[in-house]
Amino acid sequence: MGAGGAEEPPLAAAAPAATAAAVAEEEAAGDGKRTGWRVKAAVVLYVLALSVFWLRLHWNMRHGALSKAEEGLVCMCEERARMLQDQFAVSVNHVHALAILVATFHYEKQPPALDQDTFADYTARTSFERPLLSGVAYAQRVMHADRETFESQQGWIIKTMKHEPSPEQDEYAPVIYSQETISYIEGLDMMSGEEDRENILRSRETGKAVLTRPFRLMSHHLGVVLTFPVYLVDLPPDAKEEDRVAATAGYLGGAFDVESLVENLLRQLAGNQELVVNVYDVTNHSDPLVMYGSEVPLGAPSPSHICMLDFGDPFRKHHMICRYRNKPHVPWNAITTPSGLFVIFMLIGYIVYAAWSRYDNVKEDYRKMEALKKRAEAADIAKSQFLATVSHEIRTPMNGVLGMLDMLLDTELKSTQRDFAQTAQVCGKALISLINEVLDRAKIEAGKLELESVPFDLRSILDDVVALFSSKSREKKIELAVYVSERVPEILLGDPGRFRQIITNLVGNSVKFTERGHIFVQVHLADHSNLATEAKVKPAVNGTNGHNDEATAISSSVSHDTLSGFEAADSRNSWENFKLLLSYETNEVSYETNSDNVTLVVSVEDTGIGIPVHAQCRVFTPFMQADSSTSRNYGGTGIGLSISQCLVEMMRGQINFVSRPQVGSTFTFTAVLKRCERNAVSVSKSALLHPLPSSFKGLSSLLVDKRPVRATVTKYHLQRLGIASTSVGTIELALGVLSGRNGTSLNSMPRKQPSMLLIESDSWGLKMDVPLHTRFLEMKQNGYEAVFPKVILLASEDSGKMKAKYAVDSVITKPLKASTLAACLFQALGISITQANKDKHHGSDSLYGLLLEKNILVVDDNKVNLRVAAGTLKKYGAKVKCVESGKDALELLQVPHKFDLCLMDIQMPEMDGFEATRHIRAIEAKAHEQADDADSAEADSMAEKAKHHLPVLAMTADVIQATHEECTKYGMDGYVSKPFEEKQLFQAMKKFLGPSTSS
């Protein structure tokens, strides 16, 4: 932001969002508490309802059980009453039959056929028919007038119930016949007892059996006396009382043992032990008399039942009361069933409550997550705004620092001053690189990182990476090499910047952590790499390849078939597997080319310190390193691999690694790109491609290298330049090839005779230059001077020192890349270079060629930035006009104007870059409308000028918000970030100031 900017602080801008989130969270928390109280109240009501349900069900089941018990009591009582009546009726019928017997044999027979002995014998023998009668007797009716006669006939006098001579009265009823069991009542006057007299009178008047009230029998049992009249003649059922009295001859009576009767009856029935039976004489309701059972009052505890008894005496009333001996128990099911249902419904309620609670908890967690999400979003917005502001505020002064240093280095400086300036420039670029990494991570987290889709040369990108780390690798004396399979297309469609960033991160880590050995970058097609791996090598996974102990993973001194001879972590990158990949390329193994997608497998192998086993799980975690000593010893932020992983995933690939402590690490990733033919690349995008010189096509070379992998890499670079090559292991073999020994002659060499002899420095023996020179002299004497190749040494040290040390024609400093190799071969072979190729600084494919004599308008409120931009652009031949505000820019850009391009700062006071761009587009639109309405030649001239679309590039230090879409939204054509870099400016301006545009 400019010095005069009035932008709201990012944290203050995010404060309302945070406050709103906090208020919403408090409201949601209040709703949650209210819901919790409602749930608790519902639980209490549910438990109370279940308790009421239990009581109600228990009461109903208990009442039902008691009702069943009462029904059973009624049934049993009725049954006993009925059987008792039947038994009594049978006994009464027997007494009636005996009365008829007496009437028949005593009164109808003359003389009577019945006497005491006969009666006693008969009743004794038929007593089984009368089990309820303790005895029977017959009392004859004797009038007072006939008393003396009767007494003389019987031979005894009539006595009262007290065994006293009976006083005089109208009539008597002495017992003349009796059963042996009651023979003691013979001669007693039944009329002498008040109750017996009443029974006798009632029986002869009604003609029916009558009963006395209960009394104690001689057996001490309660009983009654049954009295039945005996008539002289048969009377009709409706006979009058007078007739009945007149026809009465006597009275037959029997003592009923009621207790025995009921006892015998109860013994015959089941459930006797459960019931208590009482029989009462209730003729007098106010004073009921017990005939059977204990003295229990009528108001006995329920349940009880009363059954009326009919013993045939209409005067006497009897009933039976039945009750349970013990109060009926509450049935267990009246407790267990309600309790079981209570438990079941409680469990159901608990399940529902638990589910509801779980739902509430999930809902509450969701609410909290939403609140946290809103907070995180607010924090993310604040962080993004903060990062954008910090990026802008750091990049703006850094733009001035680096720009001024760049211009300072273009001036005449002393060597010490130049060293100081270059050191400051390196430190500034390192700071910018660190800021870029942090901002890349922020853009990835914010989802604002987008990939381009432009054609690019993968091999050129790898050459750039090699060039970037070449000096560091030479300082450490480690091999740095790149190999790309022939089957990988020359031109690919993707994001070259991000692809370069991934390779740079991985190679940079390898260079940082490797002190001896090599760093080897390989690129193959995914299908070929998989075929080779499956054919020869067991799968490897992240870890130590079977080494459980770090000590066992330390590389030994044994030489291996690798680039440098040191052991590599991933066995899949062995020479055997590498040969398989080469054979697939040579034999042209079929590859599916119908698809536009190309899946690459890129591996970066090093022989560094490796990654400790315990730290391998967090390799891709942002801001994490293996241990604290790593950052102390090697530096770094620990986010490079994290960013690389995110970029690989955005390219629809995967990244993994194999690492062994003290052996090394191999990182492998895949990336899905698209095919792109060279003839399909537009002119505006051709600047991204770097064609190699074609001057070496048709040449051949002989390579001396004892390491086959390294020899293959060297042949790859020679092949890119069009040079055929053959490799041998030693110089002796090379001399044999040159001299035609071992069946090989110069004429048998492929294509042409070798123009150069390339020798690896470690294949050059001690004092080898003298024998080699001697052999060349011998060959010259033999007539082979025309085929003497140029001797070129491949070394990792300074070429000047090596050339002086060894008697060779030239020294090529490694690591190898196509452009460096071509430059060295041009010099060694003496091939002339055209002026167009030599002075490409002034060609159309350079920034100088783009900006020469172009009118550029620079708009920025920061004077330092204006000086830097103007100095940078003027260095490349541009004509620069600087203004400090958007309003000043609008005054200069009124149609017609002379400018070819405008660099516009975004954050400026009064009118920012976006607003100024909208006004510029509005001015152009208005000019188009005027051109459509004008008819004169002057108007046509204005229309031609107005139809020119002025390219406007955003010039900003804010790389978070200033995306291509954001710029396009406001009418801009792109953006360049501060500080300026030549390559970035070239790529941004090529499409607007290139030859196709000017034409």
Side-chain angles (χ1 to χ4, degrees), residues 451-466 481-510 519-535 537 540 570 572-573 577-578 580-586 588-606 641 643-658 665-678 680-681 688-690 712-713 716-717 719-720 817-818:
L451 298 181
E452 290 184 323
S453 182
V454 297
F456 68 95
D457 186 352
L458 172 65
R459 293 166 176 81
S460 297
I461 287 178
L462 294 177
D463 284 346
D464 293 342
V465 175
V466 168
V482 170
Y483 177 83
V484 181
S485 170
E486 292 182 8
R487 305 303 294 273
V488 175
E490 182 180 0
I491 307 299
L492 294 169
L493 201 63
D495 191 329
R498 297 303 177 184
F499 194 88
R500 179 188 290 106
Q501 184 176 358
I502 298 171
I503 298 293
T504 302
N505 282 337
L506 296 178
V507 175
N509 284 340
S510 295
I519 299 167
F520 189 22
V521 181
Q522 299 183 58
V523 183
H524 300 278
L525 294 180
D527 283 8
H528 291 171
S529 178
N530 293 338
L531 285 172
T533 303
E534 293 171 2
V537 187
D570 193 349
R572 290 176 293 184
N573 286 350
N577 199 44
F578 196 52
L580 276 177
L581 291 173
L582 296 177
S583 66
Y584 291 148
E585 296 175 4
T586 305
E588 298 185 355
V589 176
S590 62
Y591 179 75
E592 182 59 43
T593 58
N594 294 332
S595 174
D596 291 336
N597 292 332
V598 176
T599 304
L600 302 181
V601 178
V602 183
S603 67
V604 179
E605 173 187 285
D606 67 62
L641 287 177
I643 294 173
S644 299
Q645 183 185 40
C646 295
L647 294 176
V648 166
E649 291 174 353
M650 292 180 68
M651 295 180 182
R652 296 183 293 168
Q654 294 180 343
I655 184 170
N656 52 39
F657 69 95
V658 175
S665 302
T666 302
F667 282 81
T668 304
F669 71 90
T670 58
V672 180
L673 304 175
K674 291 186 177 296
R675 297 177 181 274
C676 182
E677 301 297 334
R678 181 177 288 273
V681 180
L688 300 175
L689 309 179
H690 304 280
T712 303
V713 172
Y716 154 72
H717 289 289
Q719 184 182 4
R720 291 179 62 192
K817 62 175 185 173

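What's counted below: heavy atoms across the whole structure, side chains too, no hydrogens, waters or symmetry copies.
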Qualifying residues under side chain to side chain donor-acceptor pair (under 3.5 Å), relative to Gln501, sequence neighbours excluded: Asp440, Arg498

Student check: side-chain heavy atoms of Phe669 and Gln645 closer than 4.5 Å: no

Distance in Å, Leu641 CG paired with Phe657 CZ, rounded so as to fall on 0.5 Å steps: 9.0 Å

Within 6.0 angstrom of Gln654 CD, more than 12 heavy atoms from elsewhere: no

Reported CG-to-OG1 distance for the pair Asn656 and Thr666, which is rounded to 0.5 angstrom: 10.5 Å

Shortest non-hydrogen contact between His717 and Ala818, atoms and distance: ND1-N, 4.1 Å

Asp570 and Ser603, any side-chain heavy atoms less than 4.5 Å apart: no

Trace of the side chain to side chain contact (heavy atoms under 4.5 Å, CB included) decision for Asn597 with Lys674: CA-CA 4 Å; Asn597 292 332; Lys674 291 186 177 296; 3.1 Å; yes

For Arg459 against Ser485, the heavy-atom pair lying closest together: NH2-O, 2.9 Å

Side chain proximity check, Phe499 to Leu492, heavy atoms < 4.5 angstrom: no

Closest contact, heavy atoms only, Val601 versus Ala526: CG2-CA, 3.4 Å

Heavy-atom closest pair, residues Gly494 and Phe456: N-CE2, 3.6 Å

Which residues share a salt bridge (Lys or Arg N to Asp or Glu O under 4.0 Å) with Arg500, sequence neighbours left out: Asp464

Asp606 and Ser510 side chains, donor-acceptor separation under 3.5 Å: yes

Shortest non-hydrogen contact between Val482 and Phe520, atoms and distance: C-CE1, 4.3 Å

Distance in Å, Thr712 OG1 paired with Phe578 CZ, rounded so as to fall on 0.5 Å steps: 5.0 Å

Which atom of Glu490 lies closest to which atom of Asp457, heavy atoms considered: O-OD1, 3.4 Å

By side-chain contact (heavy atoms from CB on, under 4.5 Å) - contacts of Ser644 (at least two apart): Ile502, Asn505

